[in-house]
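Hydrogens, waters and symmetry mates play no part in the numbers below; they use all other heavy atoms, side chains included.
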Amino acid sequence: MLVKSFGAAVQGIDATIITIEVNVSSGIRFFLVGLPDLAVKESYERILSAFNHKGYKFPRKQVIVNLSPADIRKAGSAYDLPIAMSILCASEELPSDKLKDYAIMGELSLDGSVLPIKGALPIAIKVKEAGFKGLILPIGNAKEASVVNGLDVYGVTDMAEVVDFLSGKRELTQTICPIDNMFCDNETMSDFDFAEIKGQQYAKRAMEVAAAGGHNIILIGPPGAGKSMLAKRLPSILPPLTLAEALETTKIHSVVGNIDRNTALLSTRPFRSPHHTISDIAMVGGGSFPQPGEISLAHNGVLFLDELPEFRRSVLEVMRQPLEDGKIAVTRIHGTTEYPARFMLVASMNPCPCGYLHHPTKECTCSHYEIKRYLNKISGPLLDRIDMHLEIVPLPFEDISDTSPAETSAQIRERVCAARRIQYNRYKECGDVHCNAQMTDRLLKKYAKLDKVSLSMMQQAMNKLNLSARAYSRILKVSRTIADLDGKENILPNHIAEAITYRNLDRDNFFNL
């Protein structure tokens with residue numbers, strides 16, 4: 001008897017409907033075809049053990065399982081449950097009339113319990129688009145999948161529950177998780193607050209500008225100056241995720257299995273801080289079966305690279321194209337997978353190998369050659385793609401011992417959100433542009449016009465600092481953000497002047513070379 005059930009295969013951050021065809025006929029062998037990987041092929045042993053443990057009969061006949069379309073590679077153990085149900089229906093142990101209305105996914109344990117899978121959210125979205133009535137999947141993924149409106153989601157803990165449902169002996173409990181309640185108080189909760197940072201008013205202002213415009217920023221300063229403290233507190237002043245951003249971010253983390261069973265949607269912006277020993281593939285994504293890398297896991301959030309020169313040069317160079325395009329295309333022999341990668345890059349570094357160049361009290365012990373070699377680890381094209389270069393100076397004792405209350409993250413966030421609202425209204429008809437850092441050249445000409453005084457100031461800066469055309473556009477974008485924070489429709493000379501101060505690495509004498 002031939003029976004068809006339905007599941008889904010995750011490709012990139014999207015899913016494709018997979019038809020599980022099972023034919024039971026005369027013979028004694030088991031065949032599993034349709035381009036399965038090793039984990040899918042091993043489903044036979046898991047299903048056989050689960051059947052024996054639950055008292056179901058595995059057919060003593062020839063069983064052919066085909067995963068269609070056969071030209072799409074199937075990976076993982078999530079096909080155990082639909083294959084098991086199809087085998088029971090094809091051997092006439094169960095009625096098969098309900099299989100056409102539901103997609104089924106889940107990994108089977110040897111005792112028949114159903115274990116969580118990866119990619120539940122993109123699977124649920126695709127199942128809804130395909131017109132299925134509902135989705136049956138592990139209880140650990142039910143809350144995540146239930147955010148898809150118009151789809152009945154049923155979480156199960158044991159294959160016996162699915163068997164009883166298909167045979168009409170029980171009704172499964174639908175998981176309901178209203179999206180309206182997703183964005184509550186936890187979206188503003190943070191373990192860090194800018195009020196904990198003493199002094200550093202200039203640095204705090206720069207972080208506020210970066211957050212308001214979505215600008216990449218690099219922090220340069222000696223050890224203990226507060227670079228990591230500033231970076232870790234940046235998410236606390238970023239605007240909350242929109243529903244569309246939350247769905248896209250959750251899809252990416254769902255694919256790699258980073259979603260907790262009690263979480264339906266990620267309501268806070270990601271903050272990723274990979275170690276400097278990370279590989280190229282781990283940073284941008286890839287592998288034999290492509291998975292998202294750190295730049296995609298930081299999508300709609302912050303990617304913090306501490307001690308930037310310690311990262312391998314090849315790792316840093318592969319980020320150049322994603323920084324410009326906001327996405328990364330991973331090409332392998334089986335095809336090309338595209339992942340979103342629109343993140344805020346926050347990097348930190350010491351000014352020299354010993355860390356004390358320009359320190360007010362400690363002497364630098366590095367030679368000019370050592371400093372130059374250290375800085376050459378970071379290419380000019382990469383620095384050009386970083387909008388703001390900020391020097392962090394050590395705090396004097398008066399600032400460290402100051403006990404007066406500082407401005408909180410919540411207060412700064414209000415100004416950031418106000419500036420982002422201005423940008424949202426400005427770019428709402430501009431497709432994939434949402435903030436000033438994402439402006440195209442056409443939008444720059446339209447929204448970053450300069451008066452004669454500002455233009456003269458820019459010309460002097462270009463000539464004196466020997467800036468590239470890309471650096472010129474970065475200054476314009478940052479000055480547009482400063483004007484938005486100031487509530488001004490046009491860019492003024494003081495906005496340009498402040499933006500130029502955020503290009504420290506463009507100064508020829510910054511490292512005294």
Side-chain angles (χ1 to χ4, degrees), residues 5-10 13-18 20 43 46 50 54 76-86 98-109 111-184 186 241 243 246-268:
S5 63
F6 301 93
V10 177
I13 62 169
D14 298 310
T16 301
I17 294 297
I18 300 298
I20 297 98
S43 63
R46 292 190 293 270
K54 292 297 179 182
S77 54
Y79 301 98
D80 293 357
L81 188 57
I83 292 174
M85 295 303 105
S86 297
K98 289 185 178 181
L99 287 181
K100 66 180 185 299
D101 297 325
Y102 297 89
I104 305 173
M105 295 295 284
E107 177 186 341
L108 283 178
S109 179
D111 62 358
S113 57
V114 181
L115 304 178
I117 62 173
K118 296 179 180 179
L121 181 56
I123 288 173
I125 292 173
K126 188 62 180 181
V127 168
K128 165 66 184 317
E129 292 176 355
F132 286 93
K133 181 180 178 181
L135 172 63
I136 300 172
L137 77 174
I139 190 68
N141 302 113
K143 195 169 183 180
E144 173 189 343
S146 66
V147 302
V148 180
N149 288 327
L151 180 68
D152 296 340
V153 175
Y154 302 99
V156 296
T157 58
D158 194 280
M159 68 176 294
E161 298 176 33
V162 186
V163 171
D164 290 345
F165 172 71
L166 295 178
S167 61
K169 294 181 181 179
R170 75 154 73 187
E171 290 295 326
L172 297 177
T173 303
Q174 182 179 348
T175 302
I176 300 175
C177 194
I179 297 181
D180 293 341
N181 296 333
M182 292 297 144
F183 302 97
C184 49
N186 65 333
L241 286 169
L243 178 57
L247 282 169
E248 190 172 36
T249 306
T250 305
K251 281 173 66 177
I252 299 170
H253 287 258
S254 174
V255 167
V256 297
N258 282 354
I259 305 297
D260 185 82
R261 65 176 296 171
N262 296 318
T263 301
L265 276 180
L266 295 179
S267 57
T268 56

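- For the atom pair CD1 of I83 and CD1 of I20, the computed distance is 6.5 Å after rounding to the nearest 0.5 Å.
- Residues passing the side-chain contact (heavy atoms from CB on, under 4.5 Å) test with E107 are S77, D80, L115, sequence neighbours excluded.
- Across every non-hydrogen atom of A8 and A15, the tightest pair is CB-CB, 4.3 Å.
- For K118, there are no side-chain contact (heavy atoms from CB on, under 4.5 Å) partners, not counting sequence neighbours.
- A heavy-atom distance below 4.5 Å is found between the side chains of V153 and L137.
- M105 places none of its side-chain heavy atoms less than 4.5 Å from the side chain of L81.
- Between L151 and G134 the shortest heavy-atom distance is CD1-CA, 3.8 Å.
- You'll find the side chain of V114 reaches within 4.5 Å of the side chain of L108, heavy atoms only.
- Under the ring pair (Phe, Tyr, Trp, His ring centres under 6.0 Å) criterion, no residue pair touches residues 135-162, with sequence neighbours excluded.
- With sequence neighbours excluded, no residue forms a side-chain hydrogen bond (donor to acceptor under 3.5 Å, both in side chains) with S167.
- The side-chain heavy atoms of S5 and L99, taken from C-beta on, include a pair separated by under 4.5 Å.
- Ring planes of F132 and F6: tilted class, angle from 30 to 60°.
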**Request:** Show your working on side-chain contact (heavy atoms from CB on, under 4.5 Å) between K126 and T16 and close with a plain yes or no.
**Result:** CA-CA 7 Å; K126 188 62 180 181; T16 301; 5.5 Å; no

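- A 4.5 Å side-chain heavy-atom check between L241 and T268 finds every atom pair outside the cut-off.
- The shortest side-chain heavy-atom distance between D14 and K251 falls under the 4.5 Å cut-off.
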For residues 252-260, dump all side-chain donor-acceptor pairs below 3.5 Å to protein atoms at least two apart in sequence or in another chain.
residue, atom, partner, partner atom, Å
H253, NE2, L297, O, 3.0
S254, OG, G119, N, 3.3
S254, OG, A120, N, 3.0
S254, OG, L121, N, 3.4
S254, OG, E144, OE2, 2.3
D260, OD2, N262, N, 2.9

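- Taking D164 as the reference, nothing meets the side-chain hydrogen bond (donor to acceptor under 3.5 Å, both in side chains) condition, with sequence neighbours excluded.
- Between I18 and Y79, some side-chain heavy-atom pair lies under the 4.5 Å cut-off.
- K98 places a side-chain N or O within donor-acceptor distance of the main-chain N or O of F165, the cut-off being under 3.5 Å.
- Taking every heavy atom of both residues into account, M159 and A84 meet most closely at CE-CB, 4.3 Å.
- Here the shortest heavy-atom pairing between A78 and P82 reads O-CD, 3.7 Å.
- Counting heavy atoms from C-beta on, the side chains of R46 and S43 come closer than 4.5 Å.
- Listed by chain and number, the residues in a side-chain contact (heavy atoms from CB on, under 4.5 Å) with A103 are V127, L135 (sequence neighbours excluded).
- Side chain of K128 to main chain of N149: a donor-acceptor pair is present (N/O by atom type, distance under 3.5 Å, no hydrogens or angles).
- For T173, the side-chain hydrogen bond (donor to acceptor under 3.5 Å, both in side chains) test picks out no residue, with sequence neighbours left out.
- Checked against side-chain hydrogen bond (donor to acceptor under 3.5 Å, both in side chains), Q174 has the following partners two or more places apart in sequence or in another chain: D152.
- Remark: D101 pairs with K133 by the side-chain contact (heavy atoms from CB on, under 4.5 Å) rule, at least two apart or across chains.
- Expressed to the nearest 0.5 Å, how far OG of S113 lies from CD1 of I139 amounts to 13.0 Å.
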